[in-house]
Amino acid sequence: MEFPPFEHLRFYEGVHDVRLNISYSNIKGFTLGEFHQTLPKDLDLNWTDERGPPELRRLIARHGRVAMDHVLVTTGATEANFLANAALVQPRDRVVVDTPNYSPLRDCAVGLGADVVPVVRDCHDGWSLDLDRFRKTAGGRAKLLVFANLNNPTSVPIGRNDLQELADIAQECDGYVLVDETFRELTFHNPPPSVAEFGPRMIALSTVTKVGGLGALRVGWIVAHPRLLERFKAVKDYTTVCGSSISQLLAMWALQRWPFFRRRAKNILDRNRKLVEEALTRMPALRGDVPKSGSVMFPHSEVRVPKLAQQLLRVYKTIIAEGRFFGMDDHFRLGLGGDANEFRQGLRNLEKSLRELA
């Protein structure tokens, strides 16, 4: 078992003190004081339910319109992804991964010895999902089909008809579909349905991290058939066993106020989307529409992305996420969910660097 380096994370570790990071996928961070609540003095810090506190699972189940026994609370969506892969994937199994994509979704199965095959989307046709290629690549034997919905880094949604066809492909393969739904609700008015609606072969991952700006809580979950959750829980017994009582309490507070967090996210994204739409008119070296939903975008650059990223970091102390982290070298990720003033300045620095390198 040998996992590929998580290069994107290691890159962020090295530039954490750089103020202008315009690549993050989360919404602007939320603070403890903004909850306007006090931690209870009798909170049990010795034990919490290994599947997640019942009240937290009830909130997640109601939120996802599933029964409570379909929910397993995890230490973030990253652990959720690992548990599902570790429980289902054996060496030499075929795993088909939508690309571009967040690297742990692509690389976790590599570390488990699987034969991981990317199916690469094309930016020239709006990053559309080619289901015929997925069916052909699955070849009737794929153990796992892996997606993010909304896609990270393009923010493109997968709609109901495509999700149903993916469920059909999984049935043909006697396999499963794993979908990271961390960004799904950032469509606001008409979110795609959860993959959990489409049968027992479908596995949904999510978290309070992105929509809520609550990444440091490390609270996520898996929604799947109870028989699958038992397999995932058996792996979790060897990873974290259970989560933090304090983090899970704060996640409960957040989910009790989830409409507020969605409104907050929408206001931030609407403002920043206007800023980037205006800025792109002054950047002819970039191609790609600003997505109507989601917190990230993935423009194509006529300037070499590694050179652009180095110039931004060295000269302007500004961070973008190179496309190589997601499987495409000639693109980069911009995050739309941060502080508006910092984002505005970061876009100005991006414009200057593109002009200097063109």
Side-chain angles (χ1 to χ4, degrees), residues 8 11-12 15-36 102 150-157 182-189 191 207-217 254 257-299 301 305 308-309 311-313 315-323 331-356:
H8 192 180
F11 169 72
Y12 278 158
V15 297
H16 184 69
D17 59 344
V18 178
R19 184 175 65 88
L20 290 176
N21 191 326
I22 57 171
S23 76
Y24 286 140
S25 58
N26 60 290
I27 301 302
K28 182 180 176 181
F30 195 77
T31 65
L32 179 60
E34 290 176 276
F35 279 110
H36 302 293
Y102 184 53
L150 307 176
N151 177 265
N152 177 13
T154 69
S155 290
V156 172
T182 295
F183 302 94
R184 183 176 67 89
E185 292 182 88
L186 294 177
T187 48
F188 300 110
H189 297 303
T207 174
V208 297
T209 292
K210 303 301 180 179
V211 176
L214 296 165
L217 296 187
R257 299 175 57 193
W258 205 239
F260 159 79
F261 281 96
R262 289 185 46 147
R263 289 193 302 272
R264 176 179 181 266
K266 185 176 187 305
N267 289 337
I268 291 169
L269 290 170
D270 285 350
R271 181 172 62 243
N272 287 346
R273 196 169 280 113
K274 290 177 182 176
L275 290 177
V276 75
E277 285 171 350
E278 179 184 340
L280 284 177
T281 64
R282 302 188 298 273
M283 302 183 201
L286 300 184
R287 296 199 308 273
D289 295 332
V290 180
K292 292 181 172 60
S293 58
S295 62
V296 290
M297 62 178 293
F298 200 52
S301 175
V305 171
L308 175 63
Q311 169 96 341
L312 277 165
L313 177 58
V315 178
Y316 295 104
K317 310 303 182 201
T318 300
I319 306 297
I320 58 173
E322 294 183 43
H331 291 70
F332 63 89
R333 190 180 75 180
L334 281 177
L336 310 178
D339 176 83
N341 291 329
E342 292 183 4
F343 188 54
R344 185 184 291 108
Q345 184 59 55
L347 290 172
R348 288 175 184 151
N349 295 342
L350 176 60
E351 181 184 349
K352 291 175 187 174
S353 289
L354 287 166
R355 191 182 308 119
E356 291 161 1

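Just so you know, these numbers come straight off a predicted model, no measurement behind them. Note: hydrogens, waters and symmetry copies are ignored here, and every other heavy atom, side chains too, is used.
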Would you indicate whether the side-chain heavy atoms of [Y] and [X] approach each other to under 4.5 Å?
{"X": "L280", "Y": "V290", "answer": "yes"}
{"X": "R262", "Y": "V211", "answer": "yes"}
{"X": "K292", "Y": "H189", "answer": "no"}

Side chain to side chain contact (heavy atoms under 4.5 Å, CB included) evaluation trace for V18 with T318: CA-CA 7 Å; V18 178; T318 300; 6.0 Å; no

Report yes or no: does [X] contribute a side-chain atom to a donor-acceptor pair with the main-chain N or O of [Y] at less than 3.5 Å?
{"X": "T209", "Y": "T207", "answer": "no"}
{"X": "D339", "Y": "K28", "answer": "no"}
{"X": "S353", "Y": "L350", "answer": "no"}

Which atom names give the shortest non-hydrogen contact between [X] and [Y], and what distance separates them?
{"X": "V296", "Y": "P291", "answer": "O-CG, 3.3 Å"}
{"X": "A321", "Y": "H8", "answer": "CB-NE2, 3.9 Å"}
{"X": "I268", "Y": "G338", "answer": "CG2-O, 3.7 Å"}
{"X": "G294", "Y": "L336", "answer": "O-CD1, 4.4 Å"}
{"X": "E356", "Y": "Q311", "answer": "OE1-NE2, 2.6 Å"}
{"X": "S155", "Y": "S295", "answer": "OG-N, 3.7 Å"}

Rounded at 0.5 Å granularity, tell me how far [atom1] in [X] sits from [atom2] in [Y].
{"X": "Y102", "Y": "N151", "atom1": "OH", "atom2": "CG", "value": "13.5 Å"}
{"X": "D270", "Y": "L275", "atom1": "CG", "atom2": "CG", "value": "11.0 Å"}
{"X": "R271", "Y": "R344", "atom1": "CZ", "atom2": "CZ", "value": "8.5 Å"}
{"X": "L186", "Y": "K210", "atom1": "CG", "atom2": "NZ", "value": "10.5 Å"}
{"X": "T182", "Y": "N26", "atom1": "OG1", "atom2": "CG", "value": "11.5 Å"}
{"X": "L20", "Y": "I320", "atom1": "CG", "atom2": "CD1", "value": "13.0 Å"}

Verify salt bridge (Lys or Arg N to Asp or Glu O under 4.0 Å) between K274 and E278, making sure each step is shown before the conclusion. CA-CA 6 Å; K274 290 177 182 176; E278 179 184 340; over 6 Å; no

Evaluate L286 against F332 for side chain to side chain contact (heavy atoms under 4.5 Å, CB included), listing each step before the verdict. CA-CA 10 Å; L286 300 184; F332 63 89; 3.6 Å; yes

Can you label the angle between the F35 ring and the F261 ring as parallel, tilted or perpendicular, going by 30° and 60°?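 Aromatic pair F35/F261 classed tilted.
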
Pairing of R273 and E277 as salt bridge, 4.0 angstrom limit: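 No, R273 and E277 are not salt-bridged.
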
Side-chain donor-acceptor pair present, Q345, N349, cut-off under 3.5 Å: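 Yes, N349 and Q345 have a side-chain donor paired with an acceptor closer than 3.5 Å.
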
Can you check whether Y12 and H16 have ring centres sitting under 6.0 Å from each other?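 Distance test on ring centres: not under 6.0 Å, no.
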
Do other residues, nucleotides or ligands put more than 12 heavy atoms under 6.0 Å from D289 CG?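 Result for CG/D289: open.
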
